[in-house]
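Here's the structure, in structure tokens; my notes come after.
Computation of the quantities below employed the complete heavy-atom set of this structure, encompassing side-chain atoms and omitting hydrogens, waters and symmetry-equivalent molecules.
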Amino acid sequence: MKMVVLLSALAGSASAVFAQGTLPAYPLESEIRFEVWNGTSWGGTVNASPGQQVEYRVVMSYTGPRTDLLGLGNSRYQVTFSNADNAGPSRDTPVAFPGDGTSTYTQNMLTAAEGASGGALSRYGRVTFGGVGQTAAFMNRLRVLSHGGGAAQNGAPDGSWLRISGEGSTQWPADALPGVQQSAATNLINRGIAATQSVWGGGGSLNTYFVGGVQNLVVFRHAIRLSDLDAQRVMTITTFQGMLNRFGNNEDDRRYISWHDSTALGFGTYRTAVAIVPATIVIPTPGVFVLLSVSGVFAASRRRR
């Protein structure tokens with residue numbers, strides 16, 4: 001049974017986000033799902049050993065009743081890893097992105113086939129969405145930041161975290177930004193990872209890069225190499241509601257993913273609230289693997305008797 005997490009415990013409840021006024025909540029009709037590769041298929045959890053590289057991806061879906069939506073419009077998110085070993089000596093290490101620090105959107109834009117693949121890739125980054133319109137540097141120069149575990153917490157929750165965002169987002173985005181003129185805080189969200197597309201290109205022509213469909217859209221593909229830490233732990237890969245898109249520098253602090261409907265205007269006209277489905281990496285010690293292996297052999301031997 002999959003666990004849908006709205007991160008009310010960690011990132012503040014939806015009621016807190018909307019408590020500021022009379023704005024109605026967006027309908028909860030979108031999902032951001034994190035998946036890990038278990039060697040044969042994508043799923044919600046994987047057992048891994050210290051030093052292993054774990055492949056993961058981000059998938060977005062429209063989950064509501066509408067049937068007239070054309071495709072993904074506009075979204076922002078950041079990838080976080082809980083219980084990270086970022087103090088050393090070996091450290092958990094997200095794989096580097098191509099052109100880190102100087103990249104253009106073409107350097108970290110992967111194909112749909114690369115997004116579907118569970119094997120190690122020669123490069124990592126955003127998938128498919130953003131063929132045009134993703135030229136802003138802060139959306140393309142993806143960064144890995146550490147929080148806690150010897151690094152500055154910078155607004156992150158308690159614990160030891162790794163976070164992937166766009167350029168310049170050193171501060172962990174706040175859960176809620178009530179009030180007006182929140183330009184600096186909103187900028188932390190804009191400097192996340194973008195999955196955005198427009199229907200129309202230049203001169204009113206149809207955008208030839210537009211990708212249709214609204215379910216199981218792979219938008220990010222990446223991997224993390226675990227440290228050599230010989231200790232049992234569970235790492236959660238997820239994002240937080242405070243890292244999602246918001247309307248702008250005003251009192252509308254509702255977070256959303258937008259989808260293109262039949263009006264086909266801008267970067268998505270239909271906004272929805274978002275459910276977040278995390279993935280987990282269970283990291284036993286090497287000794288646990290040996291114990292499990294011996295137990296399996298013993299149990300098989302008893303069954304044969």
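The residue from V46, I237, I283 that alone fulfils the side-chain contact (heavy atoms from CB on, under 4.5 Å) condition with V54 is V46. A ring pair (Phe, Tyr, Trp, His ring centres under 6.0 Å) with H260 holds for exactly one of F210, Y62, F129; it is F210. Checked options F34, F97, W37; the residue passing with H222 is F97 (criterion: ring pair (Phe, Tyr, Trp, His ring centres under 6.0 Å)). Put simply, the residue from T280, T236, N38 that forms a side-chain hydrogen bond (donor to acceptor under 3.5 Å, both in side chains) with T45 is T280.
Side-chain atoms of T80 do not come within 3.5 Å of backbone N or O of R163 as any donor-acceptor pair. Between the W42 side chain and the A116 main chain, a donor and an acceptor come within less than 3.5 Å of each other. Proximity of a side-chain donor or acceptor of R225 to a complementary backbone N or O of G51 within less than 3.5 Å is detected. Judged purely by atom type and a 3.5 angstrom limit, S258 uses its side chain to pair as donor or acceptor with the backbone of N74.
Salt-bridge formation is not detected for the pair E29/R66: no Lys NZ or Arg NE/NH1/NH2 atom is positioned less than 4.0 Å from an Asp or Glu carboxylate oxygen. Taking 4.0 Å as the cut-off between side-chain N and carboxylate O, D252 and R246 do not count as a salt-bridged pair. Of the charged side-chain nitrogens involved, none lies within less than 4.0 Å of a carboxylate oxygen, so that D85 and R91 do not count as a salt-bridged pair.
F220 does not carry R57 over the face of its six-membered ring by the limits of under 6.0 Å from the centre and within 45° of the normal. Taking the centre and axis of the six-membered ring of Y26, the NZ or CZ atom of R271 falls outside the cone set by 45° and 6.0 Å.
For the 3.5 Å distance criterion, the side chains of R143 and T170 fail to qualify, holding no donor opposite an acceptor.
No side-chain heavy atom of D92 sits less than 4.5 Å from a side-chain heavy atom of F81. Side-chain contact check for H147 versus S160: every heavy-atom pair is 4.5 Å or farther apart.
Within 6.0 Å of atom CG in D68, more than 12 heavy atoms from other residues, nucleotides or ligands are found, so the atom counts as buried in its surroundings.
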